[in-house]
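What follows is a single structure, written as structure tokens, with notes after it.
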Protein chains: 2
Amino acid sequence: MPSDLFSSSVIDAVSIDCLIFGFRGSGLDILLIKHGEGISKGKWALPGGWIQYNEDVDEAAGRLLKSLTGVSNIYLEQLRAFGDVSRYPEKRVITIAYYALVNTDHYALSAGFTASDVQWFNVHEVPKLPYDHNRILDFGLRQLKHKVRHEPIGFNLLPKKFTLHQIQQLYEAILEMQLDKPNFRRKLLNMNLLVPCHEKQKDVSHRAASLYRFDKKIYDQLTEKGLSFEL
Amino acid sequence: MPSDLFSSSVIDAVSIDCLIFGFRGSGLDILLIKHGEGISKGKWALPGGWIQYNEDVDEAAGRLLKSLTGVSNIYLEQLRAFGDVSRYPEKRVITIAYYALVNTDHYALSAGFTASDVQWFNVHEVPKLPYDHNRILDFGLRQLKHKVRHEPIGFNLLPKKFTLHQIQQLYEAILEMQLDKPNFRRKLLNMNLLVPCHEKQKDVSHRAASLYRFDKKIYDQLTEKGLSFEL
DNA sequence: CTACAAATAGTCAATTTGACTATATTTTTT
DNA sequence: AAAAAATATAGTCAAATTGACTATTTGTAG
């Protein structure tokens, strides 16, 4: 740490930007908001905001997420900071990017936004975004692709109760590859991580599949016993 | 992004802190510097500095690393930002932590530091550090433990030419576990990632082991063909 | 020339993978 | 009511990988 502890800041501001991922059966989605004013008016962009003086950075991200979704117990984690000089015009703004995994069923969009301000986009059909937001998204997608194979975080994108086929579709969407159904089932079930709900899905026009849920406590127990989640 | 683009910053400063890892056969080391002045005078701490107005954050980290080691092409990657309100006294300082993997042979310590200012510590014998530096170190160790198993970055801690046994010792130090020698060799060699130097180590009082090197180009080629580094 | 130290090679059962085929249970169609 | 369609679930089997070992080779040191 340098000696000049009382120099005034050379950074104009630190912002938060958030990748909010959702999944609705057909590919992975991301939530964008439309800028109402400012430099990039009319453009779609990642939801973001400024960090307040008296809140932790993690708190700021949580606050932002809640203001968008109305819900607060959502999976949320820091991605990394982006701080190229040229990432933001005029001012020197460093942003700290977060990513959230939400179950699109369980929350009401837009507290304070109209429908036209907030919209889901398939992650591969995202328009050109301002600043370095496309780069942040790319980075987040890579991170998600990796993380979902080594930690059981994908379940956050699904309803509480889900079928094996739903998880598979989710993984196929995130990893961008086809997976063998029997083998995927086998691997997942053999981890003994999923708890059967003893319930079947409803309103499907074919044989109904069993519903399962993910239990963090069971995962933590198994982890202590040496399980390492790998898919 | 909120509308008030021209508010003055509520963050006093953004700093860089760097985890510099080294390996010298006996456990994993980290480089600490002794504070000469300021709030935490006399304490050992992570090397750090302020981000300049006209440099990317990654550049700032590189500059800091070079000022300490004299070398510039070192493996360096961002860990994450740490931004709790209480992490720093008096002022609101957010820090962006990086971690570097250096080969302790190949660089001269302390351009501008005396030996008593800079010192290697075994990562498990680190004193109480100021601010949230112990937390940053813990986070970095976890990250390293994970990353080293999924990406071939460990080689950065070794000399250009190394023996299989050296890699194994490195992995044992980072992962904090014993590994079976024949099985470790087999797995590593079967990836066809290591290039034999057709050379033996010297000055050992027993049978000399073959030297290998890691070739990033070969790794990239194999990756394209579907190899995924896993240890 | 013998003891040692560590490198390197090889064995083998158990487990996991990948690529499949087969059967079961529903709903919709004829 | 029977057949067709759709999807869930179960099972097979050879190949590859792993984990826990033993055996051999090649060098140094006394």
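All figures in this text were calculated on a predicted structure; none of them were measured in a lab.
- In this structure, the NZ atom of B/K202 is 14 Å from the P atom of D/dG27, given to the nearest Å.
- The CG atom of A/L194 sits 15 Å away from the C1' atom of D/dT9 (whole-angstrom rounding).
- Looking at residues 166-181 of chain B, you'll see B/D180 sit with a heavy atom under 4.0 Å from some atom of DNA chain D.
- Listed nucleotides C/dC12, C/dG18, D/dA10 differ in distance to A/N183; the shortest reach to its side chain belongs to C/dG18.
- The residue A/S210 sits close only to the backbone: its heavy atoms come under 4.0 Å of sugar-phosphate atoms, none of a base.
- Taking the six-membered ring where the residue is Trp, B/H146 and B/H150 present tilted rings, their angle falling between 30° and 60°.
- In summary, the aromatic rings of A/F139 and A/F82 are positioned with their centroids under 6.0 Å apart.
- The pair B/K187-B/E230 fails the salt-bridge criterion, with no side-chain N (NZ, NE, NH1 or NH2) lying under 4.0 Å from an Asp/Glu carboxylate O.
- Partners of A/L179 under the side-chain contact (heavy atoms from CB on, under 4.5 Å) rule, at least two apart in sequence or in another chain, are A/Q168, A/Y171, A/E172, A/M177, A/F184.
- The interatomic distance linking A/K187 (NZ) with C/dA19 (P) rounds to 12 Å, in whole Å.
- Ion pairing between a basic and an acidic side chain is recognised when a charged N comes within 4.0 Å of a carboxylate O; A/R87 and B/D56 show no such pairing.
- Straight-line distance from the CZ atom of A/R186 to the P atom of C/dT15: 14 Å, rounded to whole Å.
- Applying the 6.0 Å contact sphere to CZ of A/R149 captures no more than 12 heavy atoms from other residues, nucleotides or ligands.
- For A/P182, the side-chain atoms get nearest to C/dT21 when compared with the rest of D/dC13, D/dG19, C/dT21.
- A sub-4.0 Å separation between OP1 or OP2 of C/dA6 and a side-chain N or O of B/H165 is absent.
- Looking at A/R80 and A/D17, no side-chain N of the basic residue comes within less than 4.0 Å of a carboxylate O on the acidic one, giving no salt bridge.
- The separation between B/F184 atom CZ and D/dT17 atom C1' is 16 Å, rounded to whole Å.
- When the C1' atom of D/dT9 is taken as reference, atom CG of A/L189 falls 10 Å away, rounded to whole Å.
- With distances taken from any side-chain atom of B/R185 to the nucleotides D/dT18, D/dT9, C/dT8, the minimum falls on C/dT8.
- Note that CD1 of A/I174 and CG of A/L157 are 5.5 Å apart. Values are rounded to the nearest 0.5 Å.
- Residues A/K216 and A/D220 are paired through a salt bridge, judged by an N-O separation under 4.0 Å between the basic side chain and the carboxylate.
- In this structure, the CG atom of B/L164 is 16 Å from the C1' atom of D/dT26, given to the nearest Å.
- Atom CG of A/L188 is separated from atom P of C/dT16 by 15 Å (rounded to the nearest Å).
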Task: Contact pattern, 5' to 3', of nucleotides 25-30 of chain C - B, S or - by protein heavy atom under 4.0 Å - done: BBSS--
